[in-house]
Structure formats: C-alpha cells, structure tokens
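Comments concern the structure below.
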Amino acid sequence: MKGFISFIIACVLACMSATFMLALIDGNHNWGGDFSQYITQAKAIIASTIPTQIANNTLMMSYSDFPYGPNVYPWGYPLLLVPVLAVFGENLAALKCVNVALFLLFIICFYCYVARRFSMGASTALTLAFVLNPMLLVFASSNILSDIAYMSASFIAVVVLQAFIITTEQARKLHTSAMTSNISKISLGGGDIKV
C-alpha cells in the first residue's frame, strides 16, 4: 500500500512539473547545441539511410575549420526521437516533449526511490527541488538535447545496480557520486554530457 501511495504522490509531483514545462514549450530552438544532428540521425533511422547520413556528416566535419561535433552521436537519443519525428515531422515543440517525458520519468523514479528511505515530507521536499527548479524546467522544455535523457537513464541505472548487483553501502556511495556528478553538470552549466 505504501508503494502505491508513493507512486500516486510521484505522479502528482510529475503533473505539477509537466504543467510548468508544457507552458514553457514553444516552436523555437536556439541554434547552439547538437539538436540538428540528433534530428538528422533520427531521420536517417526512419529513412534507412544511416550510412549516407554518416558519410555526409563525416564529410561536413572534415571540411570544418573547427570540429563542431563528432561524425556520429550515440544512437540512443535519436532513437527516442524517431516515433515523434515519424508522427509529427520536424515539429520542434513536439520533439521537445521527449525531454519533458524523460524528465517526468525521472521525477517519478526519484520520488519512489527517496520515499523508501525518507519520510513522506522529506521525500516530497527533495523531489520538489527538481520539480520546481526553474533551470531544469526551462532546460528540459526548451531543448532537443540528450542531457535529460542521460540524467534519467543514469539515475535509473544506478537504482537498478543498487537493487540487483551491489551491497547497500556500496550502492549509496555509487548513487551519491553519480547524482552529484549529474546534478552539478546540468545545474552548473557543465556543457553537453556525451555518452
């Protein structure tokens, strides 16, 4: 029963965050970052033109005075964009919803994780630090970048490792280290987090 109540509270907190993020989404995007390459790779997956896309981007990078990025980014985030791109096309607002969904998944998982270790009030307060964080809300709802996906995946991976592989004490150390690293990189503007 406690697990069900925790899940309900986590969903309510995620809905709060979703309300803010959906209000912040627009059809524009800044022209920095790697979003165009993620979209191009997702389009290549849909069109089954992956070798052509890799060759084209490799050629473009070889003629650049400065290496603006790798020839190919990891394919995980473009794979997440594929269903949205297939249904909505190059609609930037729709593509931003991928990060919104991933951030909501993080909120739910985070609350459920801390609820097993702290009181309901403490768990809610800890989660609200993410739910109401203006920098995270704006970042998640304004960008088509892999940072939020990476944060969610790494948090879930650490929780799974803790549950199935390592002892509790080792897991606490690993979890604290991973969360500190991810939060500091995202909140302190540490740049793109590449996998």
Side-chain angles (χ1 to χ4, degrees), residues 10-11 14-15 17-110 130-131 133 135-161 178 181-182 185-186 189-195:
C11 289
C15 286
S17 190
T19 302
F20 294 126
M21 286 188 290
L22 292 174
L24 292 168
I25 287 181
D26 61 22
N28 300 318
H29 199 283
N30 65 46
W31 291 105
D34 310 317
F35 78 100
S36 61
Q37 184 63 22
Y38 291 129
I39 293 170
T40 304
Q41 286 183 218
K43 288 171 68 175
I45 293 169
I46 293 169
S48 298
T49 58
I50 293 171
T52 303
Q53 191 278 326
I54 294 170
N56 289 342
N57 201 55
T58 301
L59 179 67
M60 183 180 71
M61 289 300 170
S62 71
Y63 282 106
S64 296
D65 291 333
F66 178 79
Y68 291 102
N71 295 337
V72 179
Y73 284 98
W75 292 92
Y77 190 66
L79 275 171
L80 295 174
L81 296 176
V82 164
V84 178
L85 196 59
V87 173
F88 297 102
E90 292 181 20
N91 181 326
L92 295 180
L95 290 167
K96 291 175 184 180
C97 289
V98 172
N99 275 351
V100 170
L102 291 167
F103 190 70
L104 298 178
L105 175 66
F106 170 78
I107 294 295
I108 291 169
C109 292
F110 182 81
F130 291 99
V131 170
N133 184 316
M135 199 232 48
L136 284 173
L137 295 175
V138 168
F139 187 86
S141 62
S142 300
N143 291 290
I144 304 167
L145 297 172
S146 62
D147 301 68
I148 298 297
Y150 177 78
M151 180 181 76
S152 299
S154 62
F155 179 78
I156 292 168
V158 169
V159 171
V160 169
L161 282 172
S181 172
N182 289 332
K185 285 185 183 199
I186 290 171
D192 294 334
I193 302 172
K194 306 279 191 296
V195 181

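Looking only at distances, a side-chain donor or acceptor of His29 sits under 3.5 Å from a matching main-chain atom of Ile144. Remark: side-chain polar atoms of Ser146 are not paired, donor with acceptor, to backbone N or O of Tyr77 under 3.5 angstrom. The backbone N or O of Leu145 lies less than 3.5 Å from a partner atom in the side chain of Asn99, making a donor-acceptor pair. Distance alone, capped at 3.5 Å, places no donor-acceptor pair between the Lys43 side chain and the Thr49 backbone. Of the possible donor and acceptor atoms, one in the side chain of Ser62 sits under 3.5 Å from a partner among the backbone N and O of Leu59. Using modelled atom types, no side-chain atom of Ser142 and backbone atom of Phe139 make a donor-acceptor pair closer than 3.5 Å.
Ring geometry for Tyr38 against Tyr73 counts as tilted: the plane angle lies between 30° and 60°, on a 0 to 90° scale.
For the pair Leu24 and Ser141, the tightest heavy-atom approach, listed with the atom from each and the gap, is CB-OG, 3.3 Å. Summarising the geometry of Val84 relative to Ala94, their closest heavy-atom pair is CG1-O, 3.4 Å, with the distance given to 0.1 Å. The two residues Ser152 and Phe103 make their nearest non-hydrogen contact at OG-N, 4.4 Å. Taking each heavy atom of Phe130 and Phe106 in turn, the nearest pair found is CD2-CE2, 3.6 Å. Of all the heavy atoms in Pro78 and Ala42, the pair that sits closest is O-CB, 3.5 Å. Leu104 approaches Met21 most closely through the heavy-atom pair CD2-CE, 3.6 Å.
Here the straight-line distance linking atom OG1 of Thr19 with atom CG of Leu137 works out to 10.5 Å at 0.5 Å rounding. Annotation: the span from Thr40 atom OG1 to Ile54 atom CD1 amounts to 12.5 Å, rounded to 0.5 Å. Separation of atoms OG1 (Thr58) and CD (Gln53) is listed at 8.0 Å; rounding is to 0.5 Å. Considering OG of Ser17 and CD1 of Ile108, their distance stands at 10.0 Å, rounded to 0.5 Å. Atom CG of Leu92 and atom NZ of Lys96 lie 6.0 Å apart (nearest 0.5 Å). Between the CZ atom of Phe155 and the SG atom of Cys109 there is a distance of 7.0 Å, given to the nearest 0.5 Å.
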Show your working on side chain to side chain contact (heavy atoms under 4.5 Å, CB included) between Ile45 and Leu85 and close with a plain yes or no. CA-CA 10 Å; Ile45 293 169; Leu85 196 59; over 6 Å; no
Show the numbers, then the answer: is there a side chain to side chain contact (heavy atoms under 4.5 Å, CB included) between Asn57 and Val72? CA-CA 7 Å; Asn57 201 55; Val72 179; 5.8 Å; no
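Looking at Leu95 and Phe35, their side chains never come closer than 4.5 Å, going by heavy atoms from C-beta outward.
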